[in-house]
Asks: 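To start, I am sharing the structure in question, which I have written as structure tokens.
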Amino acid sequence: MEYNPQSIEKKWNRIWRDSKAFRTDIDLSKPKYYVLDMFPYPSGTGLHVGHPLGYIASDIFARYKRAQGFNVLHPMGFDAFGLPAEQYAIETGQHPATTTATNIAKFRSQLDNIGFCYDWDREIRTSDPAYYKWTQWIFLQIYNSWYDHDLGKARPISELLEMFENSGTQNLSEQNRRGYIFPPLTWSEYLVEEKEKCLMDFRLSYLAEAEVNWCEALGTVLANDEVINGLSERGGHPVIKKRMRQWFLRITDYADRLLEGLQQLDWSDAMKEMQRNWIGKSVGAEVKFSIVDSEDTIDVFTTRPDTIFGASFMVLAPEHELLAKITTAEQKAEVEKYQEFVQTRSERERLAEVKSITGCFTGAYALNPLNGARIPIWISEYVLAGYGTGAIMAVPAGDQRDFLFARKFNLPVPAIFEGVDVSEEAYAAKSGKLINSDFLNGVEIPKAIEMAVDKLVAIEAGKKKIQFRMRDAGFSRQRYWGEPFPIIYKNGTPYPLSENDLPLELPVVDSYNPSGDGEGPLATLDNWMNEIAGAKRESSTMPGYAGSSWYFLRYADPNNSETFASKQATDYWNQVDLYIGGTEHAVGHLLYSRLWTKILYDLGYISFQEPFKKLVNQGMITGNSRFVYRVNGTNEFVSFALKDKYETTPIHVDVALCEGLELDINAFKAWRAEYHDATFILEEGKYVCGSQVEKMSKRLFNTVNPDDVVQKYGADTFRLYEMFLGPLEQSKPWDTQGIEGVSRFLKKLWRLFVPQVTIDLSDGEPELAAMQILHKTIRKVTEDTERMSFNTVVSQFMICVNELSAMKCNNRQVLQDLLVILGPFAPNISAELWEISGGKGDYLAAKWPAWDEKYLFSAEISIPVAINGKTRVQLSFPAQTDAKSMETTALANEQVQKWLEGNTPKKVIVVPGRMINIVL
RNA sequence: GCCGAAGUGGCGGAAUGGUAGACGCGCUGGAUUCAAAAUCCUGUAUGGGCAACUGUGUGAGGGUUCGAGUCCCUCCUUCGGUACCA
């Protein structure tokens, strides 16, 4: 009986599917554990070997936790709304729902091939009306809430309304008032439209006219995190700023809580840091400058109020609203010319020419609030309208950009730092003392910052201010393939649909093209848009992150038609204990999920504030591309080593046409018509390809389909090999070089049970040596699985099987214990061997074995130790035999002996040849 | 520029501050075979030596330590993220 992975895996796949072996239900008698993968977007190209890396890791962990007695929730679904399906629809006219369903079927079959233990009864598709009904419902909850800064939480908008009716704004703090001041009487006199307009400034999802990232090529608005260097993340099209009426999520209200919440999360420092940077909290002061010959004042935000005596000019953003009023007649023409110049430049041009300095004087002067100095007011595009107040006080001695600007326009650079030469560059460090700064002279910078703020507050020219880089998140997309907004407009005022009208299903359209006037395809459907008498529907749809911002909650109770998930279910399954996915979602999905979770928590729908307790980012598996070298102007291809003798062009060739680096010439000729008559210059009778590590992509012909690997080696080998490749979090190129080793390991394991033709196991007392290797393995596998170091686990399995083979161990108990711990990694072969070796009971219910220390150590002594007041002490056996090491060891021993006199011994374990750890 | 992570054999990679290079690939030589595949055994960082043995070695240079791949400082390189954010 040979090891035949294909038939074994088919068998167990069927058995587990038919018996719904991985179905999970609430079980209060067991502790729960929730393991989640970032669900995939079902693209048309299917999975390549890079995708399952994280899924395999989470699957191993889920099975491991299950074997340890946890009730494990391990679901999978599809993030099915999105741009590519719609783009494909525009090209082919096929409904996105159709192509999405086809793609999902393909994904599903690829996933099934790898033998995951998902509870498919809990599958979710974000494009399913039964699902997006609740996306729309949550949107309405967000819409119907406002953020109470005094309580630090979201509250129903109805409570605010009640306050307005009873007491106007008088019981609201300044921060909660959002600039509104009115008595209750006035509120009652407001027209409905006026009331709605006011409430809109409070709602957590709101409509606003704002500069948005508009992508002409895609015909839609994009969120900040979907724009990279002025180009769209998807497709790389240019993005411009455009003013449009859009839906936004008031995520900035949650900035502080999103920042604080990071502290308790078990995420990588890199990931937390990315979120912190994105939120971009800066503590500083807002300072009010009066303007010469004007009633107006200019507020600036600065993190360095201490440097105010070094402010030699002021810079406003070119879009600053005060410009029209303060610009002098002489400068008017020049300022307008500059504004025009800035306006015509796209975001991309601005970013590309970051280092060039442009600007223009307004003719106006401001007064330094502390010493009354006249400060010229300039404008420049390096000051952004969207950050802070859109105005800065420029301190060339303390800020490099201000310094360069001063140098370019010959503005003074006052020295304000003791012993610092600012003739060549600014001094931005926050240490040292100030000079030429009045009452701050000789004061250390951190102290001076405080003193400056205090002074500004005292003379009512400034206040402490915390500024965030993060803006509110755009929530409208002028697209078809997304969730429709449950909103209608009457006379331009938005009103939510009733909950009973949900889901608002996507209507059928004839064309998926944008309507052309800045609205999405839905705007072309007159019947649908005007379905409700006297009202108009919202024509945009929600962005891709809407459905994925809460899907982890739905898995807890996926078929509930009464609510998005019952409280009982979310209370039981609670937070995701382990979340595995790529780093590309660092600021998008992961931030929005945290926001939605916090809002739902504030509104009392769930009882936790953070969705993902522990996050692990698997590394990307990169592709290993192959190149052939065509001699220029011919259809002749030259082998790698000889290519430098010719003028050649490298061409990507499909990795599937190569065995290692060698090209299968016949397959290559058959690949494309144009290569049919190709000729080759070979080296040693072979055509050797060039190679390069690149991102895995269909376009580069370097993708490898997991189906092919599974077909050739089996799913168990595939799973083990992906884990064996290297540390989970590290990026690594796909390379099949080593897969044979893993395959050999499984064959060897098989032969332990089935050495010849029949199975041969003994029930006798296991040898000590076998028990030692088994328990060493149990310990290593348990500890390394716990810290998700799966590559070392695989190594340990290999060592174990090698040693058991060498000692010809055929003890049933030893081998079956081995199967239990191998199970999460290679479930099929483990189940099969469990069965043919007469394993007791359901294999999936087998309990994870504990290691027994008596097999791990060959010596035991009983001493407890503490030296120098520490509770832990290290004693080393003299691994190094130099005089100094021996001396230290002797000294430590002496102290141990001394301590022993008069203390009660406790057990301590000694590993010969290694060191011992003695813990009290 | 700033923020993170990482630099170890021919390759992928192991090493709670304690014998660096586990495990796998590749390569050596051998067993088995008519032969091959498969399987098993040997060796495999590097310099010197027939050998026992010995010198040197974890990007570079300093430091802490009885002891550093691991901790600290400076620098170099690579990879990720991010940027006129005041």
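Numbered from 1 within each chain, the chains take letters A, B, ... in sequence-line order.
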Asks: One thing to verify: whether D399(A) and R304(A) come together as a salt bridge, which I'm taking to mean a side-chain N less than 4.0 angstrom from a carboxylate O.
Replies: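 Result for this pair is no, no salt bridge flagged.
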
Asks: Using a heavy-atom cut-off of 4.0 Å across all strands, would you classify P727(A) as base, sugar-phosphate, or nothing?
Replies: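 Result for P727(A) = sugar-phosphate.
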
Asks: Identify whether any heavy atom of S268(A) sits under 4.0 Å from a base atom; if not, whether one sits that close to sugar-phosphate; answer base, sugar-phosphate or nothing.
Replies: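 S268(A): no heavy atom of the nucleic acid under 4.0 Å.
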
Asks: Please state the P separation for the pair rG62(B) and rA51(B) - nearest whole angstrom.
Replies: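 Those two atoms are separated by 34 Å.
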
Asks: Which of the following nucleotides, rA86(B), rG13(B), rG24(B), is nearest to the side chain of F301(A)?
Replies: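 From the listed options, rA86(B) comes nearest.
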
Asks: Regarding Y387(A) and S282(A), is there a side-chain donor-to-acceptor distance under 3.5 Å anywhere?
Replies: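 On atom types as modelled, these side chains qualify, holding a pair under 3.5 Å.
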
Asks: Roughly how many Å is it from CD1 in I449(A) to P in rA86(B), rounded to a whole number?
Replies: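 Value for this atom pair: 13 Å.
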
Asks: In whole angstrom, give me the gap between the P atoms of rU70(B) and rG61(B).
Replies: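 That atom pair is separated by 13 Å.
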
Asks: Closest-nucleotide mapping onto RNA chain B: is A391(A) or R751(A) further toward the 5' terminus? I mean the 5' end.
Replies: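 With A391(A) and R751(A) compared, the 5'-side residue is R751(A).
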
Asks: Rounded to the nearest Å, what distance is computed from the CG atom of residue D402(A) to the P atom of nucleotide rC84(B)?
Replies: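 Interatomic distance, CG of D402(A) to P of rC84(B): 15 Å.
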
Asks: Say we look at rG55(B) and rA6(B): how far apart would their C1' atoms be, to the nearest angstrom?
Replies: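 So the two C1' atoms sit 31 Å from each other.
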
Asks: For K732(A) and rG13(B), what is the distance between atoms NZ and P respectively, to the nearest whole Å?
Replies: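 Atom NZ in K732(A) sits about 8 Å away from atom P in rG13(B).
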
Asks: Between rU16(B) and rC79(B), how far is it from one P atom to the other, in whole Å?
Replies: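 Result for the P pair: 28 Å, nearest Å.
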
Asks: More 5' along RNA chain B: M274(A) or I392(A), using each one's nearest nucleotide?
Replies: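 Of the two residues, M274(A) wins.
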
Asks: Between C1' on rG13(B) and OH on Y721(A), what's the gap in Å once rounded to a whole number?
Replies: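 Roughly 11 Å, once rounded to whole Å.
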
Asks: Taking NZ from K747(A) and P from rG24(B), how many angstroms apart are they, rounded to a whole number?
Replies: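 Atom NZ in K747(A) sits about 15 Å away from atom P in rG24(B).
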
Asks: Have a look at I799(A) and say if it touches a base, only the backbone sugar-phosphate, or nothing, with a 4.0 Å heavy-atom cut-off.
Replies: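 Sugar-phosphate, no base atom in range.
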
Asks: Say you pick atom C1' in rU77(B) and the same atom in rC23(B); how far apart are they, in whole Å?
Replies: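 Nearest-Å result for rU77(B) against rC23(B) at atom C1': 29 Å.
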
Asks: Would you say the side chains of D784(A) and T792(A) form a donor-acceptor pair under 3.5 Å?
Replies: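 A pair is found: one side chain offers a donor N or O, the other an acceptor, under 3.5 Å apart.
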
Asks: Is rG47(B) syn or anti, taking syn as a glycosidic angle within 90° of 0?
Replies: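 It is anti.
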
Asks: Across the strands shown, which category fits Q730(A) at heavy-atom distances under 4.0 angstrom: base, sugar-phosphate, nothing?
Replies: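 Sugar-phosphate, no base atom in range.
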
Asks: If you check the R469(A) side chain, which of rA86(B), rA83(B), rC84(B) turns out closest?
Replies: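 Closest nucleotide to the R469(A) side chain: rA83(B).
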
Asks: What's the closest nucleotide to the A270(A) side chain, out of rC85(B), rU39(B), rG4(B)?
Replies: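 Closest nucleotide among those given: rG4(B).
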
Asks: Nearest to the side chain of R401(A), which nucleotide is it out of rC85(B), rG13(B), rC3(B)?
Replies: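 Selected nucleotide: rC85(B).
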
Asks: Looking at rA86(B), rA14(B), rG24(B), which one has an atom nearest to any side-chain atom of F724(A)?
Replies: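 Between rA86(B), rA14(B), rG24(B), the one nearest the side chain of F724(A) would be rG24(B).
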
Asks: For nucleotides rG7(B) and rC75(B), find the distance between their C1' atoms and express it as a whole number of Å.
Replies: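 After rounding to an integer number of Å, I get 14 Å for this pair.
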
Asks: Using a distance-only test with no angle check, is there a side-chain donor-acceptor pair under 3.5 angstrom linking T252(A) and D472(A)?
Replies: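 The criterion, which ignores hydrogens and geometry beyond distance, is satisfied for D472(A) and T252(A).
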
Asks: Could you work out the separation of rA15(B) and rA22(B) based on their P atoms and round it to a whole Å?
Replies: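 Each nucleotide's P atom is 12 Å from the other's.
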
Asks: I need the CD-C1' distance between E2(A) and rA38(B), as an integer number of Å.
Replies: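 Rounded to the whole Å, the gap is 9 Å.
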
Asks: Could you tell me whether F313(A) and F405(A) have their ring centroids closer than 6.0 angstrom?
Replies: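 So the answer is yes for these two rings.
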
Asks: Give the rounded distance in Å between these two atoms: CG of L746(A) and P of rU39(B).
Replies: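 Spelled out: CG on L746(A) to P on rU39(B) is 12 Å.
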
Asks: Provide the distance between the two C1' atoms, one in rU32(B) and one in rA45(B), to the nearest whole Å.
Replies: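 It works out to 32 Å between them.
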
Asks: Take atom CG of D269(A) and atom C1' of rG80(B), then tell me their distance rounded to the nearest Å.
Replies: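 It is 15 Å, rounded to the nearest whole Å.
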
Asks: Considering residues at least two apart in sequence or located in another chain, which fulfil the side-chain hydrogen bond (donor to acceptor under 3.5 Å, both in side chains) criterion with N4(A)?
Replies: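 Testing N4(A) for side-chain hydrogen bond (donor to acceptor under 3.5 Å, both in side chains), a comparison that skips the adjacent residues, returns none.
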
Asks: Can you tell me how far OG of S743(A) sits from OH of Y721(A), rounded to the nearest 0.5 angstrom?
Replies: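 That separation rounds to 12.0 Å.
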
Asks: Need one value for D735(A): base, sugar-phosphate or nothing, where a base atom within 4.0 Å counts as base even if backbone is also close, heavy atoms only.
Replies: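 Nothing, no nucleic acid heavy atom in range.
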
